> 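Okay, here's the structure, questions in a sec.
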Amino acid sequence: MYRGREGQWAFFLHRLSGIALMFWLLLHTLNISSAMWGPEVSNRLMAFFHVPIFQVGLLLVTAAALYHAFNGLRIILMDFTGWGVKYQKELWYGVLFLCIAAAIPGLIITVPRIIAAATKHGG
């Protein structure tokens, strides 16, 4: 099933997306907890996280969340159905399609905002 093919990529991307989500959760928790040091610290940190590079990172972590969720459903189908392993390759391509389809509306809205912010602030 693995051997560098779809199953191996599914496994690798699932682990990578899980690590990305853990890192984002840590940053998110630190950002929210900065409120206990007062509004000045919290507002400065919030402004720091709104620079374009962090906005691109937010797009990537959103993609990671979509992939992790849809691939988790694929794993459930593989574990609890008789046909899931037989069609795991097709299911993985379905996961990729769903991720792309779910990400397109957000990209259409967010990418122009990131570009506008990058050009306004000089990168």
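Just so it is clear, the model here is predicted, and its values are computed rather than measured.
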> For Met46, which fellow cluster members are found when Ile, Leu, Val, Met, Phe, Trp and Tyr are connected by side-chain heavy-atom distances below 4.5 angstrom, either directly or through intermediates?
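Hydrophobic cluster check, Met46: no partners found.
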
> Hydrophobic cluster membership, with links at side-chain heavy-atom distances under 4.5 Å among I/L/V/M/F/W/Y: are Tyr93 and Phe12 in one?
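Tyr93 and Phe12: one cluster.
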
> So, taking the atom named CZ in Phe97 and the one named CZ in Phe70, what distance separates them when rounded to the nearest 0.5 Å?
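So the gap between those two atoms works out to 10.5 Å.
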
> Taking the side chain as every heavy atom from C-beta outward, state whether Leu59 and Thr110 have any atom pair closer than 4.5 Å.
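Yes, close enough: below the 4.5 Å cut-off.
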
> Can you pull the ring pair (Phe, Tyr, Trp, His ring centres under 6.0 Å) pairs that have at least one residue in residues 22-47, sequence neighbours excluded?
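For residues 22-47, and leaving out neighbouring residues, the ring pair (Phe, Tyr, Trp, His ring centres under 6.0 Å) pairs sorted by first residue read Trp24-His28.
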
> Indicate if Leu58 and Ile114 have the same hydrophobic cluster label, given that clusters are the connected sets of ILVMFWY residues with side-chain heavy-atom separations under 4.5 angstrom.
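Different clusters.
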
> How far apart are the closest heavy atoms of Arg74 and Gln88, and which atoms are they?
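Looking at all heavy atoms of both residues, the shortest contact is NH1-OE1, 3.3 Å.
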
> Can you check whether Leu73 reaches Leu77 side chain to side chain, under 4.5 Å on heavy atoms?
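Sidechains of Leu77 and Leu73: no contact.
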
> Assess the residue pair Ile104 and Ile100 against the criterion (side-chain contact (heavy atoms from CB on, under 4.5 Å)); give the C-alpha distance rounded to whole Å, side-chain angles, the decisive distance to 0.1 Å, and a yes or no.
CA-CA 6 Å; Ile104 287 174; Ile100 291 168; 4.0 Å; yes

> Looking only at heavy atoms, which two atoms of Met78 and Gly84 are closest? And how far apart?
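Distance-wise, the nearest heavy atoms are CG-O, 3.6 Å.
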
> For Ala117 and Pro52, work out which heavy atoms get closest and say how close.
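Looking at all heavy atoms of both residues, the closest pair is C-CG, 4.0 Å.
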
> Considering non-hydrogen atoms only, spot the tightest contact between Ala64 and Ser17 and give its length.
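Of all heavy-atom pairs spanning Ala64 and Ser17, the closest is O-CB, 3.5 Å.
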
> Pick from Ile108, Ile109, Leu107: which one makes a side chain to side chain contact (heavy atoms under 4.5 Å, CB included) with Val111?
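Among Ile108, Ile109, Leu107, the one meeting side chain to side chain contact (heavy atoms under 4.5 Å, CB included) with Val111 is Leu107.
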
> If hydrophobic clusters are built by linking Ile, Leu, Val, Met, Phe, Trp and Tyr wherever their side-chain heavy atoms come under 4.5 Å apart, do Leu96 and Leu16 end up in the same one?
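Yes, because Leu96 and Leu16 connect within a single hydrophobic cluster, where side-chain heavy atoms sit under 4.5 Å apart.
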
> In terms of relative ring orientation, are Phe49 and Phe54 parallel, tilted or perpendicular, with 30° and 60° separating the classes?
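It falls in the perpendicular class, over 60°.
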
> Given side chains that start at C-beta, do those of Trp92 and Leu13 come closer than 4.5 Å, heavy atoms only?
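In short, these two side chains touch, coming nearer than 4.5 Å.
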
> Tyr67 and Leu60: same hydrophobic cluster, using ILVMFWY side-chain contacts below 4.5 Å?
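As far as the 4.5 Å side-chain criterion goes, Leu60 and Tyr67 are not connected within one cluster.
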
> Rounded at 0.5 Å granularity, tell me how far CZ in Arg113 sits from NZ in Lys120.
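Answer for the CZ-NZ pair, Arg113 versus Lys120, is 13.5 Å.
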
> Please answer: with hydrophobic residues joined when any side-chain heavy atoms are less than 4.5 Å apart, are Leu30 and Leu25 in the same cluster?
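Leu30 does not cluster with Leu25.
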
> Do Asn71 and Ile75 have side-chain heavy atoms sitting under 4.5 Å apart?
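Touching, per the 4.5 Å side-chain cut-off.
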
